[in-house]
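The sequence lines fix the lettering, A, B, ..., with proteins before strands; numbering per chain opens at 1.
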Protein chains: 2
Amino acid sequence: MALLRTREAVVQRFRTVLSRHGLTEQQWRILRALDGHEGLEISLLAEQCRILLPSMTGILRRMEQRGLVRRYANQADGRSIRVRLTETAQALVEEIKPEVVGVYAEIERILGQRKLEQLYALLEELEAGLLEGGRRSGAV
Amino acid sequence: MALLRTREAVVQRFRTVLSRHGLTEQQWRILRALDGHEGLEISLLAEQCRILLPSMTGILRRMEQRGLVRRYANQADGRSIRVRLTETAQALVEEIKPEVVGVYAEIERILGQRKLEQLYALLEELEAGLLEGGRRSGAV
DNA sequence: CTGTGATACTTAATATATTAAGTAAAACCG
DNA sequence: CGGTTTTACTTAATATATTAAGTATCACAG
């Protein structure tokens, strides 16, 4: 529950910034992941953004309709599809970036750099432990 | 993103337990919050479970259909509605509790008690700071 | 080349989340 | 008491999450 509450509070901060630009948190994750790449496969993108493929399908469809991303076939593999940002999206990312950086700065101001790093370390240790243990008691 | 990933890993653990009993994570939060109470108002329940009222409406409707909760009017206030567990639900909670405790134990085993407390403290400090700052830059 | 299994997605069905409106009952105020 | 604001929910509309199936390719063994 502590994780839930804290994540909720953090997300809320980002959401107030992003919603001003008509974006959801997930859409921003995708924009940020695509930024600086010539094109990513949907499955890689999904993995980086922690969004499952069925959700990606819908999100990318909406983003494509708004002219934020474009999909194109992968020469080498007829199954996979690549996605990249449009110029509109590039500009949008540049516009939003500083605001998002501000939110990160606020978080660091609240905890201080030392505690923030401590928090990261603990979160990652816990995550790693759970993934590790998952292999034992989970699906082989 | 670290918060997101870790929360995802934790929730995944609980979900494997809960889905065996046909419950979602949110439904479990509600069962746990109602357990030991004679009846809670929906808004209080929503607050404790960190679930917004519009979501509560649907979740409670489904839980009522499965015979897990019952709603009844509040004498003192015609607007509010109280909810309480059925006997079926009581039994289910007792059945699931030990499994859930097992997950908590696993988490503590991964981090150790000291680090776990540290993590809680950091999460709460960050949450408090965000809520505090939110009042400044947010509504009002 | 062919059957088989694995990949990369999409579709479908159900459950939540989130924001904005709508509704009914209280609380408040002049 | 009548009008206004607030409170406690529900409804609606849209966006995701999650699990299970379905589809088209690929990779590979025989």
Side-chain angles (χ1 to χ4, degrees), chain A residues 4-5 7-9 11-30 39-66 68-69 71-83 138-139, chain B residues 4-5 7-9 11-30 39-66 68-69 71-83 138-139:
Chain A
L4 181 71
R5 285 200 307 266
R7 177 178 181 284
E8 185 185 287
V11 165
Q12 185 53 46
R13 265 300 184 295
F14 286 104
R15 190 151 35 215
T16 60
V17 168
L18 296 175
S19 69
R20 280 201 289 270
H21 300 277
L23 292 176
T24 65
E25 189 220 339
Q26 292 83 347
Q27 290 174 350
W28 172 250
R29 275 190 248 155
I30 291 173
L40 278 180
E41 289 157 21
I42 292 184
S43 49
L44 280 178
L45 186 59
E47 190 182 349
Q48 283 184 31
C49 298
R50 300 280 161 160
I51 293 173
L52 296 179
L53 279 176
S55 298
M56 285 298 292
T57 299
I59 299 175
L60 289 178
R61 179 167 45 73
R62 282 180 287 274
M63 290 179 77
E64 192 171 15
Q65 283 173 349
R66 288 194 202 168
L68 293 177
V69 300
R71 323 163 132 210
Y72 56 100
N74 188 341
Q75 290 290 20
D77 190 335
R79 294 167 299 182
S80 86
I81 294 176
R82 283 163 166 261
V83 187
Chain B
L4 180 73
R5 285 199 307 267
R7 177 177 182 285
E8 183 185 286
V11 166
Q12 184 54 46
R13 265 299 185 296
F14 285 103
R15 193 154 29 219
T16 59
V17 168
L18 297 175
S19 69
R20 280 202 289 271
H21 301 277
L23 292 176
T24 65
E25 189 219 339
Q26 291 84 345
Q27 291 175 349
W28 172 249
R29 276 189 247 157
I30 291 173
L40 278 180
E41 290 156 20
I42 292 184
S43 48
L44 280 179
L45 186 60
E47 190 183 349
Q48 282 183 33
C49 297
R50 300 280 160 159
I51 293 173
L52 296 178
L53 280 175
S55 298
M56 285 298 292
T57 299
I59 299 176
L60 288 177
R61 180 167 45 73
R62 281 180 286 274
M63 290 178 78
E64 193 171 14
Q65 283 174 349
R66 287 192 203 172
L68 293 177
V69 300
R71 323 165 132 207
Y72 55 101
N74 187 342
Q75 290 289 21
D77 189 334
R79 294 166 299 182
S80 86
I81 294 176
R82 283 164 164 262
V83 187

Please indicate whether A:Q75 has more than 12 foreign heavy atoms, meaning atoms of other residues, nucleotides or ligands, lying under 6.0 Å from its CD.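 Not buried by this count: 12 neighbours or fewer within 6.0 Å.
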
Counterpart residues, side-chain contact (heavy atoms from CB on, under 4.5 Å), relative to [X] (two or more places apart):
{"X": "B:N74", "answer": "B:E41, B:A76, B:D77, B:S80, B:R82"}
{"X": "A:Q12", "answer": "A:R15, A:T16"}
{"X": "A:R29", "answer": "A:R7, A:E25, A:Q26, A:C49, A:R50, A:I51, B:M1, B:L4"}
{"X": "A:L52", "answer": "A:P54"}

Which whole-number value in Å describes the distance from [X] [atom1] to [N] [atom2]?
{"X": "A:E64", "N": "C:dC9", "atom1": "CD", "atom2": "P", "value": "14 Å"}
{"X": "A:Y72", "N": "C:dC9", "atom1": "OH", "atom2": "C1'", "value": "17 Å"}
{"X": "A:L60", "N": "C:dC9", "atom1": "CG", "atom2": "C1'", "value": "11 Å"}

Taking side-chain hydrogen bond (donor to acceptor under 3.5 Å, both in side chains) as the test, write out the residues that go with A:R5, two or more places apart.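 Once residues adjacent in sequence are excluded, the partners of A:R5 under the side-chain hydrogen bond (donor to acceptor under 3.5 Å, both in side chains) criterion are B:E127.
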
Below 4.0 Å: OP1/OP2 of D:dA8 and any side-chain N or O of B:S80: no

With a 4.0 Å cut-off on heavy atoms, is B:R82 in touch with a base, just the backbone sugar-phosphate, or nothing at all?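 Here B:R82 touches no strand at all.
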
Side-chain atoms of residues 55-64 of chain A: list all donor-acceptor pairs with protein atoms under 3.5 Å, sequence neighbours left out, distances to 0.1 Å.
residue	atom	partner	partner atom	Å
A:T57	OG1	A:L53	O	3.2
A:E64	OE1	A:R71	NE	3.4

Intermediate values then yes/no, side chain to side chain contact (heavy atoms under 4.5 Å, CB included), A:L23 and A:L68: CA-CA 11 Å; A:L23 292 176; A:L68 293 177; 3.9 Å; yes

Between protein and nucleotides 15-21 of chain D, map the contacts as a letter string: B base, S sugar-phosphate only, - none, heavy atoms under 4.0 Å, written 5' to 3'. SSBBBB-

Atom pairs under 3.5 Å: protein N/O with N/O of nucleotides 23-27 of chain D:
residue	atom	partner	partner atom	Å
D:dT25	O2	A:R79	NH1	3.4
D:dC26	OP1	A:G78	N	2.5
D:dC26	O4'	A:R79	NE	3.3
D:dC26	O4'	A:R79	NH1	3.3
D:dC26	O4'	A:R79	NH2	3.4

